[in-house]
Structures are given as C-alpha cells and as structure tokens.
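These numbers come from the heavy atoms of this one structure, side chains and all, not from hydrogens, waters or symmetry mates.
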Amino acid sequence: VLKMTYGSNGDVGSSGVASKIVGNRCGFRSPMIYRKSAGVMKMISAKDMIPSSEQLSLESRSNMWRVQAKKGAGIAKKSEPYADEIKRDFLKWLTNRGLPEQNVELQYVGAAGWGLVAKKPLRRGDRAIEIPKDILITRERILKDSKFANLMSTKNLPDYWMLAIFLVEQYGMTQENPSSCSYAPYIRSLPDQTGNVLEWTGREVGDLLKGSPMERLAYQMITDVKNAVQEIQKMAKGHPSAYYLSEQRLRWAFGLLVSRVVRLTSLNGELALIPWADMLNHRTDVETFIDWNTNANAVVFETDREYAAGEEVFVSYGPRSSGDLLLTYGFVPSTATNPEIEKVDLRLVLDGYDPYASPKKEALKKYGLDSAWTFPLQLNRFPAGLIEYASFLAFRPRSDDEVDFYAQQLFGPADQRIIPPQMSQVGRELIQQECFNALSRYRGTVESDRLLLEEQEVLNQDSIMSQDKRPAAAAAVRLRERAILRKTRDVIGKTGNWFTDIIRSNPVADLFT
C-alpha cells in the first residue's frame, strides 16, 4: 500500500520518498483561498477575499501614472502635467500626518508606474518604511471621519464595505472641492484603473479566461461586487450624501480594495489601507512583507536583501500564481521567476450516476468533505488528499459497508490512512482523465498563445500589464496552467514512482518547454 503522511501545514509526503514537499502557504485571501479540512484543500468564496499582511496585498502595479486622464473624470490623472503636482501634494500630506524620514523615496520606475527606491544603500533587515498609525485608514478612522459613520454603525457593515464607501465619499468630496477634503492628496494619488478583473467586461472574461479555473472565480468576484454595490446603495437610500455612491465609483473602490487592502496580522487582524506602503511593487522572489510592529507603534517593512542607492525596493504580495496576480492586481510576470508557486485548480466531482453516489456522499460528509472538491496543482508539489479523494470517487464498491470501510481508511486519523494499490490506480486514472478534460476546455492552442506573446513583444519586460496587454497577460496564464496540467497528466499515469517524478523534475523546463 502507499501510505500518505501529512505535515502540519497540509503538505503531503510519501513514505520511502526522501524529499519532503513544501506545500504552498495557504490562507492568502485575494482572490482565491483554500482552507484545509481532512487533509484536502477547499476553495472559499470570493466574498472572503481579504489578504493578510503575511501575504502582503498591496497594489502599486496598478499605479499606472502614465494612464491618460479620462474626459470628465474630475480628478487629475497621473500623466503629465499632473504627476509632479500629485507627488508633491501626496508627500506633503504624508508629512503633515506624521510620516517620519524614510529610507526610500518615490520615483517613476517604468511600466509599473511609480515605486519606492532606496535613498542610500540598504542591508538585509534594514527598515525601509515606517508608517505611524495616524496615516492608516481603518474602521476606527472611518467612524471618526465619514459622513456615513452613523449608517455604518447602525447597520454594522463589514469593514470591507466601510472602506469602499469611505473611498467613494472622499472621491466625491475631492471632485466637489479638493480644499475641503482632508484626504484629497491621497485620493488624487489613486489610479482610476487597476487592470484587475473587476474592470473587465463579461465578454473579456469569457474570451480570455475560457477553460481556465480563473474564469469561474472571475465571474464570482464580479457578481459579489455587483451584489455588494446594490446592497450599499439600498441601505444608503435617503442619506444626504447618498449621491456619492454611484455604481461606477463603488466598483472603482472595490477594485482598489481587492488589490490594496491589508489585514494586519499583528494588529488583531485589522483591515487597513496604508498610504505610502501601497507604492511598493511586487517581486516573486521577495520573501518579506509588511506588518504592524508593536514596539515601533507603526507599520514597518524590512528588506530581505541588499539594495544599492537608487535601486527599487520590492515587497512580496505572497506566493501568488500568475492567475491570482492577473485577477487581483492586473499584471502577470512576463517570465515565471518563481515557477514553483504557479498553480492551477483541479476540481473533482462525485459522479451522480454512480450506483453508490448517495452512501459515498454521506461518507464524505462524515469526514467534513463535499461531493465536489478543488485541489491546487503545482509543478513540484502534490496536493494533500488528492489521491485519497480521487480514489474514493473512482472506486466501485460492492456494498454500503464497503463504502464506510474505505472512507475510514482514506479519511480517518492521519497516521492510519492507507490507499490500497487497486484504489490508488483508479484514483490516478481519474486524475489523469480530469487533466485531459481540463486541457480540452482552454481556448486556442499552446502554439497560438506562444505566438501571441512573441507578437506582443512582452517577454523582455518585467511584467505584462492587463491595462494595455490584456490578451497577452491572459495567454501567459493559460500557458502556465496548461503546463502544470500536462505534467500532472503525463506523470501520474506512469507506473513506478510517479510521485518522485513530480517533486524532482525541473520546474523551469516543465513550464517553458
């Protein structure tokens, strides 16, 4: 029998295999998260998409300050001649609110817009930024400064909605009279577009993400925001400032929050917008993040490497796949600089025509599982519980008692789980078939996606921006997802130690050859 063992973080290993698989850090909440239950990973609704500070969710890639002003937008955009004025007013606003001298400064860094660069050489562990609490925009701050404070308190609105309402309120006040809005310099620094999926049309989602698991999630995100907007407008009806809360502006606010809001783990999990920190750009190989520092009484970010003076300082948004980055932040790394964090979801569903579908469903429920489950496939890691779950769905029992017996073996106490060889075989065949099915659902071909990237001339750039290269960004996501599905399909069908082949192969070669 093949005995599967589980680590405390949901990693799965196999006795006899020396290499321990390091599973992806789960719990980052934007837009896709997974929760471990009985050894498998479950996808949570996009309604819960709130990032934690450990997997920093800051969107400065969306600071496309080169975007031209939209006619009638009412607020100066970040293209010339406004950029210098916006920068000056924003920095003055930060200083007036108590921002101390920083080791980084704001500069234009190219396609990503503006970023923070080192003023002087920085060593590993140096404090790059320090932001006092008075600058943070939190629930507490909103209840002090918002015209909607009473409504928010009475209705007990979630923090996420409160932040959206506050952004729109301050935007409206800035349009009417910037001098009367204390947050105007910050509002003026925000982009009118981020490129994330909340700005896509339904047709773009269906066309560019066809076949990808990201398609379903994208529609879910758009639907959740639509419902939230309608509910907010309904609750605010009759309020003197309700006219601020237009559908367009609320959608804009939710788009910003998806990419910018941070849950500060060390500040009791408080949600916050963090001006200045949201100018940090992401790199996939950076391992440090921002969080609340009790001793400093401030949000801080310390570097994980050395930086020369004038070099851009980067932060980690967390172990995010290309698909996650595209939907949430509106960009995709042009090359997979950290291919091991790329992933694609594989969804398995109990066959309703299985003669034992009903007792199987009850057995799954007994162990905290549903009749449909989603697993994140990766290049050199194997999801905890996938083999067990697939084996249980695929095997053909002869009685209800046999269903209960094998459910106990597969989903019982972790140190007692075993998979009989015959069940492992049918489970792997099901996974292989579902990989075939998933690959068949994608639009176009691998060759056409590669050709598109070459024609768009994006491979020599750090990132592919959704705002101006959306088809290319989506093509990069499709290519990487397909590569993972192909590898899983081909390896899991092998005889012998297929598990070793998954964890020991070359991820870069797997992804690009």
Side-chain angles (χ1 to χ4, degrees), residues 53 56-60 62-63 65 75-76 78 82-107 113-119 127-149 152 159 162-191 253 256-257 259-264 266-268 270-281 289-302 313 315:
S53 58
L56 176 64
S57 179
L58 294 176
E59 172 47 28
S60 51
S62 70
N63 285 334
W65 288 24
I75 288 188
K78 277 61 73 175
Y82 305 110
D84 289 342
E85 176 190 347
I86 289 174
K87 176 182 176 181
R88 183 190 66 240
D89 291 347
F90 177 54
L91 295 177
K92 182 179 178 180
W93 179 80
L94 289 167
T95 301
N96 291 341
R97 285 180 170 260
L99 186 73
E101 185 69 20
Q102 304 286 296
N103 287 325
V104 292
E105 60 185 357
L106 189 62
Q107 288 188 14
W114 284 17
L116 298 180
V117 303
K119 286 184 178 178
R127 186 166 294 177
I129 66 172
E130 181 176 322
I131 305 171
K133 192 172 183 179
D134 283 347
I135 292 177
L136 277 56
I137 301 175
T138 62
R139 180 187 185 91
E140 179 183 4
R141 174 64 58 184
I142 292 171
L143 290 176
K144 289 180 180 179
D145 294 347
S146 175
K147 297 179 180 181
F148 294 91
M152 294 172 180
D159 292 2
M162 291 174 61
L163 286 163
I165 292 171
F166 187 71
L167 282 176
V168 174
E169 173 192 355
Q170 298 304 311
Y171 182 95
M173 293 171 63
T174 301
Q175 280 188 311
E176 291 176 345
N177 184 4
S179 61
S180 69
C181 179
S182 60
Y183 290 89
Y186 177 59
I187 295 297
R188 284 164 52 88
S189 78
L190 297 173
L256 285 175
L257 292 176
S259 58
R260 287 176 177 258
V261 73
V262 177
R263 187 182 294 280
L264 294 169
S266 299
L267 192 62
N268 301 316
E270 187 159 19
L271 284 181
L273 285 168
I274 311 177
W276 184 245
D278 56 10
M279 296 297 171
L280 283 166
N281 285 320
F289 48 88
I290 72 164
D291 198 3
W292 179 256
N293 185 298
T294 303
N295 293 330
N297 197 34
V299 168
V300 302
F301 171 68
E302 296 176 347
V313 176
V315 73

Trainee: Please check if the side chain of Q170 supplies one atom and the backbone of I187 the other of a donor-acceptor pair under 3.5 Å.
Mentor: no

Trainee: What pairs with K119 under salt bridge (charged side-chain N to carboxylate O under 4.0 Å, His left out), at least two apart in sequence or on another chain?
Mentor: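 Checked K119 against salt bridge (charged side-chain N to carboxylate O under 4.0 Å, His left out); matches are E101.
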
Trainee: Going by side-chain contact (heavy atoms from CB on, under 4.5 Å), name the residues that satisfy it together with L91, two or more places apart in sequence or in a different chain.
Mentor: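 Here the qualifying residues are K87, L94, W276.
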
Trainee: Closest heavy-atom contact between A296 and N293?
Mentor: N-OD1, 2.9 Å

Trainee: Taking the six-membered ring of F289, is NZ or CZ of R263 closer than 6.0 Å to its centre and within 45° of its axis?
Mentor: no

Trainee: Kindly write out the residues that satisfy side chain to side chain donor-acceptor pair (under 3.5 Å) with T138, not counting sequence neighbours, or none if the list is empty.
Mentor: none

Trainee: Suppose we screen for salt bridge (charged side-chain N to carboxylate O under 4.0 Å, His left out). Which residues come up paired with R127, at least two apart in sequence or across chains?
Mentor: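 R127: salt bridge (charged side-chain N to carboxylate O under 4.0 Å, His left out) contacts with E130, E302.
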
Trainee: Just to verify, which of F148, Y171, Y183 counts as forming a side-chain contact (heavy atoms from CB on, under 4.5 Å) with F166?
Mentor: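 Result for side-chain contact (heavy atoms from CB on, under 4.5 Å) with F166: Y183.
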
Trainee: Closest heavy-atom contact between L143 and A149?
Mentor: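 Taking every non-hydrogen atom into account, O-CB, 3.4 Å.
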
Trainee: Within the structure provided, determine whether S189 and D89 are in side-chain contact (heavy-atom separation under 4.5 Å).
Mentor: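 Not touching, per the 4.5 Å side-chain cut-off.
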
Trainee: Under the rule for side chain to side chain donor-acceptor pair (under 3.5 Å), what residues qualify as partners of E140, not counting sequence neighbours?
Mentor: none

Trainee: Name all residues meeting the salt bridge (charged side-chain N to carboxylate O under 4.0 Å, His left out) criterion together with R139; count only those two or more places apart in sequence or in a different chain, and write none if there are none.
Mentor: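 By the salt bridge (charged side-chain N to carboxylate O under 4.0 Å, His left out) rule, R139 matches D159.
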
Trainee: Partners of S179 by side chain to side chain donor-acceptor pair (under 3.5 Å), sequence neighbours excluded?
Mentor: N177

